[in-house]
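Below is one structure, written out as structure tokens, with a few remarks after it.
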Amino acid sequence: MSYKSLVQQKGNAFIEERRIACHLKVIVGASVQQSRPRGGTDRVNAPGCAAGATGSTMTRLMLGRTLERICKAVLLLCLVHFVIMMILYFDVYSQRFDQIFSRFNNGRNASRNGHHYYYNLSRPNATYASYLATADQLLPTIRPEGNHTPPTTKPIPPCPEIPPGLVGRLLIEFASQMTMERVQKENPNVTEGGKYTPPDCRAKQKVAIIIPFRHRDNHLKYWLHYLHPILRRQKIDYGIYIITQLGEETFNRAKLLNVGYTEALKDAEYDCFIFSDVDLIPMDDRNLYHCYDQPRHFAIAMDKFGFRLPYAGYFGGVSGLSKKQFLKINGFPNEYWGWGGEDDDIYNSPCGDGSFPWV
């Protein structure tokens, strides 16, 4: 081998060694540069190739950071857009709900206060008369809603002839102490004056129950205690009238019954009248307290008489007559003072045509 070729081989080997060293230093320099803080001075640059490798690394880093910022900005814009849309959505629907509930509240307040809901009584010097004076100006601004139909009330059916809630034979006892407070608690649906109307059906008759009374408070409490539930189960539209005779003179039952008939008609349009003693309570709720085509005797079997009539033609205790029947016999006779007599007179009284329909 010649000297020239040897020198050329050594030169080529030296160049190759420099290339390897260049690559190694580029790798070491890049790692050192990434681990150092920005602006450091420990940068290793190999001649010829190290500067190009470091520049490409920085370019990639800057590109990655730029893309990261763009993605964050896009996400932030999406979040802001979503929040704005939700605010607008709830704002629109809250206005609709406010309109609905304001209409409901205004209508309810108007019905409670008894005047138009636009009228404000809290205004200074405001009076209801001044509101009425301006009512003509307010009414034209109120327009009925389109396609609005008033609610229809379902017609109440007639009450059945034989109510389904009857229980039959009853246990009647007078051992427990009875008070008017207890009677009121037991009958919350009975209104003042002893009146009751079936809520679920329309009664065929309106019945007035008339009781001649004097110094029988204890009997009256038990009578009300038992009769109110019985009459409600019978679906009777009724009112109870206690007719009291003052003083200590001889009792006149017939006059009290006539007074009860007259006073009851002043209170309501009754078409059936039940005349009952205060000490007689039905032992079976199937004994319906309403009027029939003929006068009705309800006390045909009393325990004190061995559940049979005390005598033939007995018509006392509890009897029922319609308004037409009562007028036809001209009421009870007023001449009978003391016990008995008036019921026998009624039993034997003809109905104007010589007949005795209740015999």
Side-chain angles (χ1 to χ4, degrees), residues 193-196 203-216 219-220 223-224 227 230-231 234 236-282 287-300 302 305 309-359:
K195 296 180 177 61
Y196 174 80
K204 184 179 180 180
Q205 300 174 350
K206 192 171 184 62
V207 181
I209 302 176
I210 299 172
I211 299 177
F213 183 81
R214 185 171 68 178
H215 304 327
R216 307 289 288 274
H219 286 107
L220 180 60
W223 191 94
L224 295 171
L227 262 296
I230 292 175
L231 296 172
Q234 292 180 357
I236 304 295
D237 184 355
Y238 66 91
I240 298 174
Y241 296 86
I242 312 299
I243 311 301
T244 304
Q245 180 174 328
L246 298 178
E248 301 298 331
E249 301 296 330
T250 305
F251 197 70
N252 192 322
R253 180 177 183 270
K255 277 192 175 185
L256 296 178
L257 296 180
N258 291 332
V259 170
Y261 170 87
T262 305
E263 294 300 321
L265 286 178
K266 293 178 181 179
D267 195 23
E269 289 294 330
Y270 292 103
D271 46 21
C272 176
F273 299 86
I274 307 294
F275 305 96
S276 173
D277 290 344
V278 73
D279 58 352
L280 290 180
I281 297 173
N287 191 4
L288 302 179
Y289 271 41
H290 58 74
C291 293
Y292 298 83
D293 294 336
Q294 303 297 341
R296 179 85 166 190
H297 188 211
F298 295 92
I300 59 174
M302 289 188 285
F305 297 138
L309 291 175
Y311 55 88
Y314 176 73
F315 195 67
V318 184
S319 58
L321 290 86
S322 66
K323 182 179 180 181
K324 181 179 179 181
Q325 294 163 358
F326 187 90
L327 293 175
K328 198 167 188 179
I329 65 173
N330 197 27
F332 289 88
N334 294 325
E335 292 80 11
Y336 291 93
W337 296 84
W339 186 88
E342 80 286 341
D343 52 338
D344 298 330
D345 197 322
I346 292 297
Y347 180 84
N348 295 316
S349 174
C351 288
D353 55 1
S355 63
F356 301 90
W358 50 81
V359 175

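Relative ring orientation between Phe332 and Phe275 is described as perpendicular, the plane-to-plane angle rising above 60° on a 0-90° scale split at 30° and 60°.
In terms of the ring pair (Phe, Tyr, Trp, His ring centres under 6.0 Å) criterion, residue partners of Tyr314 (sequence neighbours excluded) are, by chain and number, His297, Tyr311. Every residue meeting the salt bridge (Lys or Arg N to Asp or Glu O under 4.0 Å) condition with Asp237, not counting sequence neighbours, appears here in chain and number order: Lys206. Scored by the salt bridge (Lys or Arg N to Asp or Glu O under 4.0 Å) test, Arg214 finds no partners at all (sequence neighbours excluded). Qualifying salt bridge (Lys or Arg N to Asp or Glu O under 4.0 Å) partners for Asp271, counting only residues two or more places apart in sequence or in other chains: none. In terms of the salt bridge (Lys or Arg N to Asp or Glu O under 4.0 Å) criterion, residue partners of Glu263 (sequence neighbours excluded) are, by chain and number, Lys266.
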Check step by step if side chain to side chain contact (heavy atoms under 4.5 Å, CB included) holds for Leu224 and Ile240.
CA-CA 9 Å; Leu224 295 171; Ile240 298 174; 4.1 Å; yes
Dump the intermediate steps for side chain to side chain contact (heavy atoms under 4.5 Å, CB included) on Tyr289 and Val318, then the final yes or no.
CA-CA 10 Å; Tyr289 271 41; Val318 184; 3.9 Å; yes
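The two residues Leu280 and Met302 come nearest to each other via the heavy atoms CD2-SD, 3.3 Å. Pro295 approaches Leu321 most closely through the heavy-atom pair CB-CG, 4.2 Å. Contact detail for Gly320 and Phe298: the closest heavy-atom pair is N-CE1, 3.6 Å. Listed here is the closest heavy atom pair of Ala299 and Gly316: CB-O, 4.1 Å. Considering all non-hydrogen atoms of both residues, Pro333 and Ile346 come closest at CD-CD1, 3.9 Å. Between Tyr270 and Gly239, the shortest heavy-atom distance links the atoms OH-CA, 3.7 Å.
Tyr336 and Asp344 are not linked by any side-chain donor-acceptor pair at a separation below 3.5 angstrom, with hydrogens and angles left out of the test.
The structure places OG1 of Thr244 at 8.0 Å from CG of Leu256, a figure rounded to the nearest 0.5 Å. How far CZ of Arg216 is from CG of Asp279: 5.0 Å, rounded to the nearest 0.5 Å. Atom CG of Asn287 sits about 9.0 Å away from atom CD1 of Ile230, to the nearest 0.5 Å.
Between Pro212 and Leu257 the shortest side-chain heavy-atom distance falls below 4.5 Å. For the pair Phe326 and Asn258, the minimum side-chain heavy-atom distance is below 4.5 Å. No side-chain heavy atom of Lys323 sits less than 4.5 Å from a side-chain heavy atom of Gln205. Residues Ile274 and Tyr238 have side chains not in contact (no heavy-atom distance under 4.5 Å, counting atoms from C-beta outward). Between Leu227 and Ile209, the closest side-chain pair of non-hydrogen atoms is not below 4.5 Å. Residues Asp345 and Glu335 form no side-chain contact, since every pair of their non-hydrogen atoms from C-beta on lies 4.5 Å or further apart. With contacts defined as side-chain heavy-atom distances shorter than 4.5 Å, the pair Gln325/Phe273 does not qualify.
Remark: aromatic rings of His215 and Phe213 are distant, center separation not under 6.0 Å.
Sorted by first and then second residue, the pairs that involve residues 242-259 and meet salt bridge (charged side-chain N to carboxylate O under 4.0 Å, His left out), not counting sequence neighbours, are Arg253-Asp277, Arg253-Glu342.
Enclosure of atom CD1 in Ile300 is not indicated, since only 12 or fewer non-hydrogen atoms of other residues, nucleotides or ligands lie within 6.0 angstrom.
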